[in-house]
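Inspection log for the structure reproduced underneath, given as structure tokens.
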Amino acid sequence: MLYYLFNFLDKQFDFPGAGVFQFISFRASMAIILSLIITTVYGSRLIKYLRYKQVGETVRNLGLDGQIQKQGTPTMGGLIIIAGVLIPTLLFAKLENIYIILMIVTTIWMGAIGFLDDYIKVFKKNKEGLAGRFKIVGQVGLSIIVGCTMYFHPGILVRQTVTQALPAGSSTTQTEAVYNQEGKKLIKVEKSTGVHYANDVKSTITNIPFYKNNEFDYAKVLKFMGDGYEKYAFPVFLLFVIVIITAVSNGANITDGIDGLATGTSAIIGITLALLAYVSGNMIIADYLNILYIPNSGELVIFAAAFVGACVGFLWYNTFPAQVFMGDTGSLTIGGIIAVLAIMIRKELLIPILCGVFLIENISVIMQVSWFKYTKKKYGEGRRIFLMSPLHHHFQKKGYHEAKIVTRFWIIGILLAIITIVTLKLR
């Protein structure tokens, strides 16, 4: 909203300094500052209110050090994160931008699912919370909205260089326009290798490391079907979207087991996604890195900045010993945000690397449960791979202090973030 106000003041009254709101870097900086202020200053008020309402965590005794002391710690603190994300975004982003709209929908949608789960746990005294199948339905519902919008919305395009021969008679001079076979005017792009022409087109292409041209088309999964396989690309793309959003949101939820782990890891991932969003929305840098240029996606930097500010600000109260837990209100929201943001900028296939901590936590649970069931069926007694899952509880059982586990997981997260960025130049 402030973007529109200062844009109006700049155009109508030439208001001094108002033009600075045109710069993504400035608005992103303001978004992260405001997000930090909201989460740190107003976060304490929400914590007091949650204590007053006795919205406390019910802790099951799993035999972990310091666990019982956490009984009654305020939960549903994810509301702080949601406020820290939405308010700066509404103030500093272009609200007509389809990418921003989708991210706002994602935040509210996943926040509502998590809030309902926490509400059932706290106020209905049901430790199981919202049934897992309903969470999955909610995640799949969001995935369908995101997938359909990405595939059908006319404003979501990628810029691709025209490599085929131009129509006969086309001019490549500075003054005359060039059109493609369908009569659409091509975009002139000046690169270091000379003048090129490009189209903004609908596409299921995404970035992937270690692959020719750093690009992968979901439609190629159906190449075995022969000619015309491209028209069936949507179901494949939608399936990938469903798997990614469900996996990442559940991974963040599982990782949220000890103070500051999920929040700090998500902040690292958010910084990386902000950088990736910036380069994907900048034609010159995208060309240099040989990645997809996505018109109008640069606005996502403002949202990503607000997200990082909210996570870092929440750490003020969530580091050991935590004064508040985010609950599913926060963990499902941050997982959904990370997944959808990666899909928006066509970097979702980098998630196994970037979100490696979430992936390891997910895999540790799958391995533990699967092995236990298998050995119980075969030997009559269930056996375990880890002392306890998810993996962070395994290290707790081994005697590591929470703070040490969290710090080391953060270091691993930083390493994975660096590797993710490096892969942009590997092909």
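- A donor-acceptor contact shorter than 3.5 Å is absent between the side chain of Trp410 and the backbone of Ile405.
- Side chain of Lys220 to backbone of Tyr218: no donor-acceptor contact under 3.5 angstrom is found.
- Among Val248, Thr206, Val241, Leu102, the one residue that satisfies the side chain to side chain contact (heavy atoms under 4.5 Å, CB included) test with Ile343 is Val241.
- Between the CD atom in Glu299 and the CD1 atom in Ile101 there is a gap of 11.5 Å [rounded to 0.5 Å].
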Give every donor-acceptor pair under 3.5 Å between a side-chain atom in residues 17-24 and any protein atom, sequence neighbours left out.
from, atom 1, to, atom 2, distance (Å)
Gln22, NE2, Asn7, OD1, 2.6

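- Contact annotation: the side chain of Asp287 never approaches that of Tyr293 to less than 4.5 Å [non-hydrogen atoms, C-beta and beyond].
- A donor-acceptor pair is defined here as one N or O able to donate and one able to accept, closer than 3.5 Å; such a pair exists between the side chain of Ser297 and the backbone of Ile294.
- Looking at Asn318 and Thr263, their side chains do bring a donor and an acceptor atom within 3.5 Å of each other.
- Across all non-hydrogen atoms, the minimal contact from Arg346 to Ser203 is NH1-O, 2.8 Å.
- Taking each heavy atom of Ser44 and Val41 in turn, the nearest pair found is OG-O, 2.9 Å.
- Within the 6.0 Å centre-distance limit, the rings of Phe234 and Phe152 are counted as a close aromatic pair.
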### Query
Which is it for Lys121 and Glu128 under the salt bridge (Lys or Arg N to Asp or Glu O under 4.0 Å) test, yes or no, and what are the steps along the way?
CA-CA 7 Å; Lys121 288 177 183 175; Glu128 299 303 319; over 6 Å; no

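- Residue pairs meeting the side chain to side chain donor-acceptor pair (under 3.5 Å) criterion with at least one partner in residues 144-156, sequence neighbours excluded, do not occur; the list is empty.
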### Query
When you look at Phe358 and Ile338, which way does the side-chain contact (heavy atoms from CB on, under 4.5 Å) test go after all the steps?
CA-CA 11 Å; Phe358 293 170; Ile338 289 168; 3.9 Å; yes

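- Thr333 and Met110 get closest at one heavy-atom pair: OG1-C, 3.6 Å.
- More than 12 heavy atoms of other shown residues, nucleotides or ligands fall within 6.0 angstrom of atom CZ in Phe26.
- Within the 4.5 Å cutoff, no side-chain heavy atoms of Leu359 are placed close to those of Ile353.
- Atom CG of Leu289 and atom CG of Asn282 lie 9.5 Å apart (nearest 0.5 Å).
- More than 12 heavy-atom neighbours from other residues, nucleotides or ligands sit within 6.0 angstrom of CD1 on Ile136.
- Here CG of Asp256 is found 10.5 Å from CD of Glu361. Values are rounded to the nearest 0.5 Å.
- Two residues are said to be in side-chain contact when any heavy atoms from C-beta on lie closer than 4.5 Å; Leu273 and Leu354 meet this criterion.
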#### Entry: Criterion side chain to side chain donor-acceptor pair (under 3.5 Å) on Thr329 and Asp118, from CA distance to verdict
CA-CA 7 Å; Thr329 305; Asp118 288 334; 2.6 Å; yes

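- The shortest distance between side-chain heavy atoms of Leu300 and Met103 falls below 4.5 Å.
- The distance from the CD1 atom of Ile268 to the CG atom of Leu415 is 10.5 Å, given to the nearest 0.5 Å.
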Which pairs of donor and acceptor atoms, one on a side chain in residues 76-97, lie under 3.5 Å apart (sequence neighbours left out)?
from, atom 1, to, atom 2, distance (Å)
Thr89, OG1, Val85, O, 2.7
Glu96, OE1, Tyr4, OH, 2.0
Asn97, OD1, Tyr99, N, 2.8
Asn97, OD1, Ile100, N, 3.3
Asn97, ND2, Asn296, O, 2.9

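- For the pair Lys202 (side chain) and Ile156 (backbone), a donor-acceptor distance under 3.5 Å is present.
- Within a 6.0 Å sphere centred on CZ of Phe123, other residues, nucleotides and ligands contribute more than 12 heavy atoms.
- Inter-residue side-chain proximity for Met344 and Val146 is flagged as met; some heavy-atom pair is nearer than 4.5 Å.
- With a 4.5 Å cut-off on side-chain heavy atoms, Ile360 and Phe409 do not count as touching.
- Side-chain atoms of Asp117 come within 3.5 Å of backbone N or O of Leu130 as a donor-acceptor pair.
- Nearest heavy-atom pair across Leu261 and Thr255 is CD2-O, 3.4 Å.
- Judged by distance alone, the side chains of Asn253 and Asp328 do bring a donor and an acceptor atom under 3.5 Å apart.
- The shortest distance between side-chain heavy atoms of Leu292 and Ser280 does not fall below 4.5 Å.
- Not less than 6.0 angstrom separates the ring centroid of His393 from the ring centroid of Phe386.
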### Task
Take Ile285 and Tyr278 through the side-chain contact (heavy atoms from CB on, under 4.5 Å) test and state the conclusion after the steps.
CA-CA 9 Å; Ile285 301 177; Tyr278 183 79; 3.8 Å; yes

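- Residues Leu332 and Ser249 come closest through the heavy atom pair CD2-O, 3.8 Å.
- In this structure, Thr246 contributes its side chain and Gln139 its backbone to no donor-acceptor pair below 3.5 Å.
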### Message
Before you tell me yes or no, could you show the steps for Leu34 and Met30 under side-chain contact (heavy atoms from CB on, under 4.5 Å), namely the whole-Å CA-CA distance, both residues' side-chain angles and the distance that decides it to 0.1 Å?
### Response
CA-CA 6 Å; Leu34 180 58; Met30 295 301 295; over 6 Å; no

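- No donor-acceptor pair under 3.5 Å is formed between the side chain of Gln368 and the backbone N or O of Pro390.
- Between the side chains of Glu348 and Asn207, no donor-acceptor pair of N or O atoms lies under 3.5 Å.
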### Task
Decide yes or no on side-chain contact (heavy atoms from CB on, under 4.5 Å) for Asp200 and Val158, but give the supporting numbers first.
CA-CA 5 Å; Asp200 285 348; Val158 296; over 6 Å; no

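- Annotation: Phe237, atom CZ; neighbour count of heavy atoms from other residues, nucleotides and ligands within 6.0 Å is above 12.
- Of the inter-residue distances, the one linking Thr423 atom OG1 with Ile418 atom CD1 reads 12.0 Å to the nearest 0.5 angstrom.
- Side chains of Met326 and Ile334 form a contact here, defined as non-hydrogen atoms less than 4.5 Å apart.
- Minimum interatomic distance between Ser364 and Leu391 (heavy atoms only, all atoms of both residues): OG-N, 3.1 Å.
- Separation of atoms CG (Leu350) and CD1 (Ile419) is listed at 12.0 Å; rounding is to 0.5 Å.
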